[in-house]
Amino acid sequence: MCPIRSELYSQCFDELIRQMTVNCGERGLLLSRVRGESQLTIAAYMNLYESSISVGIRKALLAEKAKADKEKRIADLVKENEELKKQVTEQRAKNDIIEIQEIDRQQQEKKRQKDELEALKRIKQLLMVPFPVMATK
């Protein structure tokens with residue numbers, strides 16, 4: 001409420017109470033009690049309003065803090081995700097190199113086995129050829 005209006009209403013009510021008290025004391029006393037109750041009610045509402053404002057501000061601050069924490073967490077997770085993607089790329093490259101090396105090794109092993117098999121076949125053929133018998137004297 002506007003403090004000027006509040007003061008004007010209070011003065012007006014005080015004047016009404018004064019005039020009623022002059023005419024009838026009981027009515028004046030009753031109006032005085034009504035004014036006291038209304039002032040207590042207004043004070044209670046003001047207190048409630050102020051406390052609700054402070055609660056609202058606290059909630060807003062907590063929400064801002066939570067938002068900032070979540071944004072930081074998101075940024076950290078995005079960074080971690082990028083690092084993991086980089087690691088995956090590196091591991092795939094290493095895996096490709098290892099696969100190529102293994103294929104080369106297998107090809108070399110097959111070639112070695114093939115050459116060895118051919119050599120053994122030649123030796124077998126040589127062993128199958130009968131030797132000329134030498135004449136004994």
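One-based numbering along the sequence shown.
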- Query: Are L16 and V34 connected, step by step, through hydrophobic side chains (Ile, Leu, Val, Met, Phe, Trp, Tyr) whose heavy atoms are closer than 4.5 Å?
  - Reply: yes
- Query: Is there a path of hydrophobic side-chain contacts, each under 4.5 Å between heavy atoms of I, L, V, M, F, W or Y residues, that connects I53 with L61?
  - Reply: yes
- Output, in order, the C-alpha distance, side-chain angles, deciding distance and verdict of side-chain hydrogen bond (donor to acceptor under 3.5 Å, both in side chains) for E15 and Q11. CA-CA 6 Å; E15 183 59 26; Q11 287 177 3; over 6 Å; no
How many angstroms lie between atom [atom1] of [X] and atom [atom2] of [Y], to the nearest 0.5 angstrom?
{"X": "Y9", "Y": "C2", "atom1": "OH", "atom2": "SG", "value": "9.0 Å"}
{"X": "I123", "Y": "K121", "atom1": "CD1", "atom2": "NZ", "value": "13.0 Å"}
{"X": "I98", "Y": "I103", "atom1": "CD1", "atom2": "CD1", "value": "12.5 Å"}
{"X": "L62", "Y": "I57", "atom1": "CG", "atom2": "CD1", "value": "12.0 Å"}
{"X": "I74", "Y": "K67", "atom1": "CD1", "atom2": "NZ", "value": "10.5 Å"}
{"X": "S52", "Y": "Y49", "atom1": "OG", "atom2": "OH", "value": "7.0 Å"}

- Task: Start with the C-alpha gap between E26 and L30, add the side-chain angles, then the distance that decides, and say whether side chain to side chain contact (heavy atoms under 4.5 Å, CB included) holds.
- Result: CA-CA 6 Å; E26 290 85 14; L30 185 61; over 6 Å; no
- Message: Any salt bridge linking R112 with E109? Criterion: basic side-chain nitrogen under 4.0 Å from a carboxylate oxygen.
- Response: yes
- Message: Salt bridge or not between K65 and D69? Use side-chain N to carboxylate O under 4.0 Å.
- Response: yes
- Message: Under the salt bridge (Lys or Arg N to Asp or Glu O under 4.0 Å) definition, can you give me all pairs with a residue in residues 37-63, not counting sequence neighbours?
- Response: none
- Task: Sorted by first residue and then second, give each salt bridge (Lys or Arg N to Asp or Glu O under 4.0 Å) pair with at least one member in residues 88-108; sequence neighbours left out.
- Result: E102-R105
- I17 backbone acceptor or donor facing T21 side chain under 3.5 Å: yes
- Item | Greater than 12 external heavy atoms within 6.0 Å of I4's CD1 | no
- Query: Quick one: are L77 and E80 in side-chain contact, heavy atoms under 4.5 Å?
  - Reply: yes
- Flag side-chain contact, heavy atom, 4.5 Å: M46 against I42: yes
